[in-house]
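Working notes for the structure below.
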2 protein chains.
Amino acid sequence: MSTGPRAVTIGDVARAAQVSTTTVSKVINGLPRVAPKTRERVLEVVAELGYQANPTARNLRAGRTDAIGLLVPELDRPYFGQLATRLADALEPTGRHLVVQRSGLSRADELAAASFARLRMYDGVIITVVGLNPPDLEQLNFRTPVVLVGERPLPRTFDHVMMDNVEGAATATAHLLERGSRRIVMLGGRQGTTEQDMPTLRTLGYYKAHARLGVPLDERLVAPIPLLDMASGYAAVRRLADDGVTFDGIVAATDVVAIGALRALGDLGIRVPADVQVVGFDNIDETEFTTPRLTSVDPGNEEIAATVLRFLESRMAAHASGEPEAASEPTAEVTIPARLVVRESTRPA
Amino acid sequence: MSTGPRAVTIGDVARAAQVSTTTVSKVINGLPRVAPKTRERVLEVVAELGYQANPTARNLRAGRTDAIGLLVPELDRPYFGQLATRLADALEPTGRHLVVQRSGLSRADELAAASFARLRMYDGVIITVVGLNPPDLEQLNFRTPVVLVGERPLPRTFDHVMMDNVEGAATATAHLLERGSRRIVMLGGRQGTTEQDMPTLRTLGYYKAHARLGVPLDERLVAPIPLLDMASGYAAVRRLADDGVTFDGIVAATDVVAIGALRALGDLGIRVPADVQVVGFDNIDETEFTTPRLTSVDPGNEEIAATVLRFLESRMAAHASGEPEAASEPTAEVTIPARLVVRESTRPA
DNA sequence: TTGAAAGCGCTAACAG
DNA sequence: CTGTTAGCGCTTTCAA
């Protein structure tokens, strides 16, 4: 198999400029000890031939790529887009850049494995663990510094920044209970599983709040949905209504699900927050622009991004300095506190 | 500078398994001509040492990365997230995967240049040209197959898939005019510039529709905004109202801007579509879930993604086969037809 | 100031 | 079936 039309290499430039590749290398990297005339000639040839260094070769040689990989379950979820933006912004001044890849929520393990293998080529890796099997992660065995960000407790092989799903959801639920809701749907909730995934944890908070406030709970109000997207949120609320389930509050597993729910309530002629109060989770930018504006749990998005990068920088520094003990240094695990942002989809106190 | 704790290499495995690196290579790549016993021994060592091939070295050697790069202006825009998802889905069966990077809308040229240089390491590159200076693109000189996707006519150095901004916006505007609007705001519009950027082109369509239907147009209704985001859309509508500008229709430059506008209209007590009709552009998934649901121009999203990949595959095939004439093959430029999707934010005929 | 040579980790001819 | 060797394109001692 041909590799296609050969690209211009440093050797081509060297030949054309009648110098060694060493000299060309120095010129294109702005290193000293090159005669001005030589530099000039090389630059001319570079321009003429349109030479650009092959980043792969450079990376192999340098042992680093100056790139940080971010693995997200899906590329079209506002939450991850906004997380990626925060990370990219913070990374920019460091001279590194962010590269985003999708792991695929429920794809074959094979695929997940491939995703992981490819991450090896980054200097550091941030993995959002939503929807990944812990087994996949344990297999994940490479020297590259890794920070996990997500919601579920995990084997502590890596630094891990967690959002406080349980308390966040408990706060949200308590808020609805305090504002008078008594039959609250846990939309996108999950129960009866041993898995500690995000829906399960948020559902746990929902239970806790009821217990704390001594409000009885109808298990039929826990409404699982297949995907945490708008369409599923919409469909689930319509179904509840069709089934004649009565409710006066909704805790949505995510803001995106809540947006679907709001649309369904609108179609059903149910007023928010007068008839049904709604609270979301994630505090994505969209919450400010829904009708009505969505009360939501902010999992500490700014702090999550900052903490992830702090951990990563620290691991990378240790890694770069070659500290052998870096690998065995105990992994950090922090839970970022969540905070309720009250907007219009819940009633005033 | 140390490169950090040395990773396990193929050489380490070879040594431990008492074979050559060739044999190890064959084993990990599943190639034939390895004795079962040898294979087994190698695999044991691989597992024991936790060896994983260095993708950078492999890429350098192979001359390809099996990765397609996608350059987007921002990581948190629904439109690009949804485009990325379409592309990633379509790419999956081909054994290649998508890698997303941000160009940064209005960042320094330096940064754009850096982004481009890094794209060299992909087998193919898809660049969304919103907000990129054509000069940047002309400098873009590498052998990697490139397809441009975006809205503005460009020097035809590359294959280019365009959306029909002018006709799309004209259709949207005509729709409002036909449904009775007479004072239509072009929200996020732009005029009086020679640049052929997206806001300008969509504004052009807005003008065209007025001309075609013989409806006079108040230039003060073209409302530029700094950023095409929800907050700017919101602020602009509030400002128009504060300034006492009267209007009975809004053509928003993008759906995201329209979402901000809807929220502002709600706050102002203006009914949609009874008092003011609103139409967006992009047909992002969110349009189905706004209140009211947003009428929008679908620029042909499915077809855009499919066409981009068709072009790219074709370029990549030519490139891989080493056809020298591949480079000089004329570039394709197609405009995908746009189509109006009528929802609830505009009145029935 | 310049260049020769080694080598990053891997794969592919080619011998044996 | 296995190993030796060369080399992907680049950077970096080290010597000249």
Taking OP1 and OP2 of D:dT2, is either one under 4.0 Å from a side-chain nitrogen or oxygen of B:T38? yes

So, does B:D159 use its side chain to make a donor-acceptor pair with the main chain of B:A332 at under 3.5 Å? yes

Global bending angle along the helix from C:dT1-D:dA16 to C:dG16-D:dC1, which compares the axes of five pairs at either end, to 10 degrees: 40°

Can A:R86 and A:D89 be counted as an ion pair, charged N to O under 4.0 angstrom? no

Here the distance between atom C1' of C:dT1 and atom CZ of A:R41, to the nearest Å, is 12 Å

Are A:R96 and A:E313 packed together at the side-chain level, in the sense that at least one heavy-atom pair is separated by less than 4.5 angstrom? yes

Do B:T21 side-chain atoms and B:I10 backbone N/O form a donor-acceptor pair below 3.5 Å? no

Under 3.5 Å donor-acceptor, B:R58 side chain and B:A53 backbone: no

Minimum side-chain heavy-atom gap B:F80-B:V100 below 4.5 Å: no

Is it true that a side-chain atom of B:S103 and a backbone atom of B:V72 form a donor plus acceptor pair closer than 3.5 Å? yes

Between B:R64 (CZ) and C:dT11 (C1'), how many Å, whole number? 11 Å

Treating primed atoms plus P, OP1 and OP2 as sugar-phosphate and everything else as base, which nucleotides of nucleotides 7-16 of chain D get B, S or - for protein heavy atoms under 4.0 Å? BBBBBB----

B:D66 backbone acceptor or donor facing B:D123 side chain under 3.5 Å: yes

